[in-house]
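Below, all heavy atoms of this structure are taken into account, side chains as well, without hydrogens, waters or symmetry copies. In each ligand, atom 1 is the first atom listed, and ligand 1 is the first ligand listed. Not measured: the values here are computed from a predicted model.
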Amino acid sequence: MADARIVEAKVIVTCPARNFVTLKVMTADGLYGIGDGTLNGRELAVAAYLRDHVVPCLIGRDSERIEDTWQYLYRGAYWRRGPVTMASISAVDVALWDLKAKRAQVPLYQLLGGRCRESVRVYAHANGHSVEDLIESVAKHIELGYKAIRVQAAVPGVADAYGVPHGTKTYEPADGDLPREETWSTPKYLHFMPKLMDVVRAKFGFEVALLHDSHHRLTPIEAAALGKSLEEYQLFWLEDLTPAENQDGFRMIRQHTTTPLAVGEVFNSVFDCQRLIAEQWIDYIRAAVTHAGGITHLRRIASFADLYGVRTGCHGATDLSPVCMGAALHFDLSIPNFGIQEHMPHAALTNEVFPHAYSYSGGTMVPGEAPGHGVDIDEALAAKFPYKRAYLPVCRLEDGTLHSW
Ligand code: EZ4
Ligand code: CO
């Protein structure tokens with residue numbers, strides 16, 4: 001019998017193009033598993049939580065007992081939930097799933113019940129400083145084979161729309177040593193959006209699935225108005241219309257529009273979306289492996305959502321490491337109510353530090369057949385890129401009022 005006891009766990013913080021927090025868990029029989037605990041802009045809080053409060057509890061534990069370890073860390077902390085705690089639990093959980101699948105010498109999706117589909121449909125990000133730029137970006141992504149595309153464009157008269165890069169760099173919002181200040185106007189945005197979608201549909205027709213992210217900037221009635229004004233463009237979804245601490249806000253949005261709604265990239269527990277799902281106020285739940293307590297808890301969220309016809313649309317921005325992407329693809333492949341997976345490709349350097357078995361082709365991704373989740377970390381290379389503080393922007397209205405970014 002292999003000795004699956006945990007003998008060591010290492011927290012690796014590295015910045016190959018952007019910051020990542022990775023947990024590597026080693027067992028007595030010489031296997032290891034990898035988990036992602038990256039929390040954009042608050043990375044070192046997770047690293048400290050893991051190093052100081054979690055790793056000591058792991059040593060000597062049976063790595064095969066995934067559910068028991070999850071309960072131990074969740075209930076055992078006494079202080080439940082919250083992004084730092086849940087990202088830390090996720091890092092452990094995904095490392096243990098990776099270990100268990102490696103020990104069984106099967107790709108992780110086999111332990112999760114096997115494949116429910118051949119591949120995972122993904123959506124890409126198109127953006128532009130102008131409508132013309134955006135059209136070009138959509139065309140480029142269609143050429144790359146994407147069948148679903150998120151569109152974000154600069155809003156006339158607004159200094160900083162969400163989702164549009166500053167200058168000519170690839171979009172990466174956590175770009176300030178201190179938070180950059182952005183300026184926003186909701187009325188200008190609401191006026192512009194139908195015009196934008198009109199141009200995009202006129203140019204590309206209705207075959208391509210279109211998505212859009214409002215990034216928590218609207219009130220419920222503004223969100224309702226946006227959903228209504230975009231109905232004729234038949235979007236795949238509108239994302240994060242309002243800040244969702246107030247789940248009941250979605251009741252009003254839902255009463256006014258049939259545009260499908262997605263929410264939840266910042267959620268870390270099923271309790272963040274319990275009413276949203278049970279009241280059928282949303283269509284897609286965007287909780288991610290890294291931020292919602294790992295595969296163990298995300299499976300619980302997805303099973304609950306399935307009861308109400310809500311499908312998944314996992315967050316997959318670049319701040320979720322390749323480890324999260326690998327784990328997410330196994331998860332996506334294995335659940336009945338999968339909807340879509342976000343795909344914002346990582347920088348070449350990030351991919352070098354995290355060699356992986358997953359791949360993209362023709363608008364879909366597969367996790368690959370390597371044992372475990374199929375993502376590794378090159379520790380020697382990672383060590384060459386030390387942590388570099390990088391914060392997300394803050395957002396102000398034109399009169400200076402601090403708003404949700
Ligand atoms: O702003 O991941 O849908 N994707 C998003 C992301 C988030 C970042 C925050 O860390 O909204 O781009
Ligand atoms: Co989003």
Side-chain angles (χ1 to χ4, degrees), residues 15 17-21 36-46 83-84 86-87 90 122-127 137 141 146 148-153 160-166 169-176 179-180 182 184 189 209-218 223 226 235-245 250 260-268 272-273 276 282-292 312-325 328 339-347 350 388-395 403-405:
C15 186
R18 58 155 304 107
N19 292 311
F20 295 108
V21 176
D36 176 30
T38 307
L39 186 60
N40 204 3
R42 294 294 182 272
E43 296 86 357
L44 299 185
V46 179
V84 175
M86 297 305 276
S90 169
V122 297
Y123 72 90
H125 290 189
N127 54 43
S137 176
H141 286 95
Y146 289 98
I149 300 175
R150 188 186 88 160
V151 297
Q152 309 288 145
D160 309 279
Y162 162 76
V164 183
H166 287 257
K169 284 188 297 182
T170 320
Y171 185 60
E172 181 55 77
D175 64 354
R180 193 159 35 74
E182 298 190 340
W184 176 248
Y189 168 72
L210 296 180
L211 302 82
H212 177 76
D213 191 345
S214 295
H215 223 258
H216 326 271
R217 294 186 182 188
L218 308 179
L226 178 66
L235 300 190
F236 185 90
W237 78 33
L238 272 179
E239 174 184 339
D240 284 345
L241 289 172
T242 67
E245 293 97 317
F250 278 73
L261 306 177
V263 69
E265 65 184 43
V266 301
F267 293 175
N268 50 66
D272 292 332
C273 47
L276 288 171
I282 60 168
D283 302 282
Y284 295 92
I285 179 69
R286 283 186 42 72
V289 171
T290 298
H291 298 133
T312 64
C314 290
H315 189 205
T318 42
D319 47 297
L320 295 138
S321 93
V323 176
C324 178
M325 180 52 98
I340 201 164
Q341 167 70 50
E342 183 176 20
H343 179 220
M344 187 179 170
H346 288 107
T350 299
K388 188 165 167 285
R389 192 173 68 206
Y391 287 151
L392 290 166
V394 294
C395 181
H403 196 59
S404 302
W405 174 73

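Within the 4.5 Å cutoff, the side chain of Ile285 has heavy atoms near those of the Phe267 side chain. The shortest side-chain heavy-atom distance between Ser90 and Asp36 does not fall under the 4.5 Å cut-off.
Note on Asp213: counted as a metal contact of the Co ion (ligand 2), an N/O/S atom lying under 2.8 Å. Residue Glu342: no N/O/S atom is found under 2.8 Å from the Co ion (ligand 2).
The protein atom (non-hydrogen) at minimum distance from atom 1 (O) of ligand 1 is His215 NE2, 2.8 Å. For atom 7 (C) of ligand 1, the nearest non-hydrogen atom of the protein is Glu265 OE2, 3.4 Å. The closest protein non-hydrogen atom to atom 2 (O) of ligand 1 is Asp319 OD1, 2.7 Å. Looking from atom 12 (O) of ligand 1 to the surrounding protein, the closest heavy atom is Tyr162 OH, 2.9 Å.
Between the Co ion (ligand 2) and the N, O or S atoms of Glu239, the shortest distance is to OE2. Taking the N/O/S atoms of Glu265 in turn, the shortest distance to the Co ion (ligand 2) belongs to OE1.
Judged by the shortest distance from any of its heavy atoms, Met344 lies outside the 4.0 Å radius around the atoms of ligand 1. In this structure, Glu239 is part of the shell of residues with a heavy atom less than 4.0 angstrom from ligand 1.
Shown are Trp405, Tyr162, Tyr189; of these, the ring pair (Phe, Tyr, Trp, His ring centres under 6.0 Å) with Trp184 is made only by Tyr189. The one candidate from Thr38, Asn40, Asp175 that meets the side-chain hydrogen bond (donor to acceptor under 3.5 Å, both in side chains) condition with Arg18 is Asn40.
Annotation for His291 and Met86: closest pair O-CB, 3.8 Å, computed over non-hydrogen atoms.
Set against the non-hydrogen atoms of Arg286, the atoms of ligand 1 under 4.0 Å away are 3 (O), 4 (N). In the vicinity of Asn40, heavy-atom distances shorter than 4.0 Å reach the ligand 1 atoms 9 (C), 10 (O). Near Asp213, the atoms of ligand 1 lying under 4.0 angstrom from a non-hydrogen atom of the residue are 3 (O), 4 (N), 5 (C), 11 (O). Atom numbering of ligand 1 starts at 1 in the shown order; those under 4.0 Å from a heavy atom of Trp405 are 1 (O).
Judged by distance alone, with hydrogens and angles left aside, the side-chain atoms of Gln152 form a donor-acceptor pair with the main-chain N or O of Asp213 at under 3.5 Å. Side-chain atoms of His215 never come within 3.5 Å of backbone atoms of Glu239 as a donor-acceptor pair (strictly under, hydrogens ignored).
Checked against the 6.0 Å centroid criterion, the rings of Trp237 and Tyr123 qualify as a close aromatic pair.
Tyr284 does not carry Arg286 over the face of its six-membered ring by the limits of under 6.0 Å from the centre and within 45° of the normal.
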